[in-house]
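When reading the values below, keep in mind they use all heavy atoms of this one structure, side chains included, and skip hydrogens, waters and symmetry mates. Naming: A, B, ... by sequence-line order, numbering from 1 per chain. Everything numeric in this text was worked out from a predicted model, so none of it was measured.
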Amino acid sequence: EPEVTQTPSHQVTQMGQEVILRCVPISNHLYFYWYRQILGQKVEFLVSFYNNEISEKSEIFDDQFSVERPDGSNFTLKIRSTKLEDSAMYFCASSSRQLNGYTFGSGTRLTVV
Amino acid sequence: GNSVTQMEGPVTLSEEAFLTINCTYTATGYPSLFWYVQYPGEGLQLLLKATKADDKGSNKGFEATYRKETTSFHLEKGSVQVSDSAVYFCALSTQGAQKLVFGQGTRLTINP
């Protein structure tokens, strides 16, 4: 069964450093998403991406965050200057149609120290 | 705004027990409702969904019925197994929205 692959599974970074989280969506999917889950809290929507541009973003997704599809396969989330409160599990997802058949990756646990 | 509230966990049951995990929602319009499951070390997997009132979603012995009058989508299973141990998330999406809105998740542990 096709999978969404996220790397790395765990990343530790120092406060103020830039971090890039990587995702390989399912190859024929057109919609891409990032969510995050701070430990013990809800899974929260960050951003959706379609046709090479952001289609919706949440209040969390401020200027410190950016997304990119640099080639035909990868979908990345960049945090420019990490803060302690960015520590969370970050989930990538993709779908073939809007909100239909979402497939999530297994997540990247980001720890900011 | 749109929101989802789940019963607090963790929930611990014995094998073959009956399971209910409560989920209620607040939404504008007519949302679609989902249950996702996260097994240890894995991503979120869609367990079942319902897109309109009175629809029943079912999968792997789990069921949930979309109840508009009580704004609920409770997850049930008649006889749980150890392999059902996981975190369960209730979620909704509204028409035209790009995103899922999740509840806080309920950790379920089934003891043999």
Taking side chain as C-beta onward, heavy atoms only, is B/F34 less than 4.5 Å from A/Y102? no
Whether over 12 other heavy atoms sit under 6.0 Å from A/L39 CG: no
Separation between NZ of A/K42 and OG of B/S3, rounded to the nearest 0.5 Å: 6.0 Å
Which heavy atom of B/F102 sits nearest to which heavy atom of A/V43, and what is that distance? CB-O, 3.5 Å
For B/R107, does the CZ atom have more than 12 heavy-atom neighbours from other residues, nucleotides or ligands under 6.0 Å away? no
If you count heavy atoms of other groups shown closer than 6.0 angstrom to CD of A/E3, is the number above 12? no
Note: vs chain A, highest number of non-hydrogen pairs under 4.5 angstrom among B/A91, B/G103, B/S32 is B/G103
Could you check whether atom CD of B/E16 has more than 12 heavy atoms from other residues, nucleotides or ligands sitting under 6.0 Å from it? no
Is there a path from A/F32 to A/I60 through hydrophobic residues (I, L, V, M, F, W, Y) whose side chains come within less than 4.5 Å of each other? yes
Heavy-atom cut-off 4.5 Å, strictly under: side chain, backbone, both or neither for B/V4 against chain A? backbone
Could you tell me whether A/E59 atom CD has more than 12 heavy atoms of other residues or ligands within 6.0 Å of it? no
Residue, of A/G107, A/S55, A/G40, A/S58, that accumulates the most heavy atom pairs under 4.5 Å with chain B: A/S55
Interatomic distance, CD@B/Q38 vs CD@A/Q37, rounded to 0.5 Å, equals 6.5 Å
Taking a hydrophobic cluster as the set of Ile, Leu, Val, Met, Phe, Trp and Tyr residues connected by side-chain heavy atoms closer than 4.5 Å, whether directly or through intermediates, do A/Y31 and A/I26 fall within one such cluster? no
Can you check whether B/Y36 reaches A/F104 side chain to side chain, under 4.5 Å on heavy atoms? yes
Atom pair OH (A/Y35) and CG (B/L100), whose distance is rounded to the nearest 0.5 Å: 4.0 Å
Any chance you could measure B/Q104, atom CD, to A/Q41, atom CD, to the nearest 0.5 Å? 10.5 Å
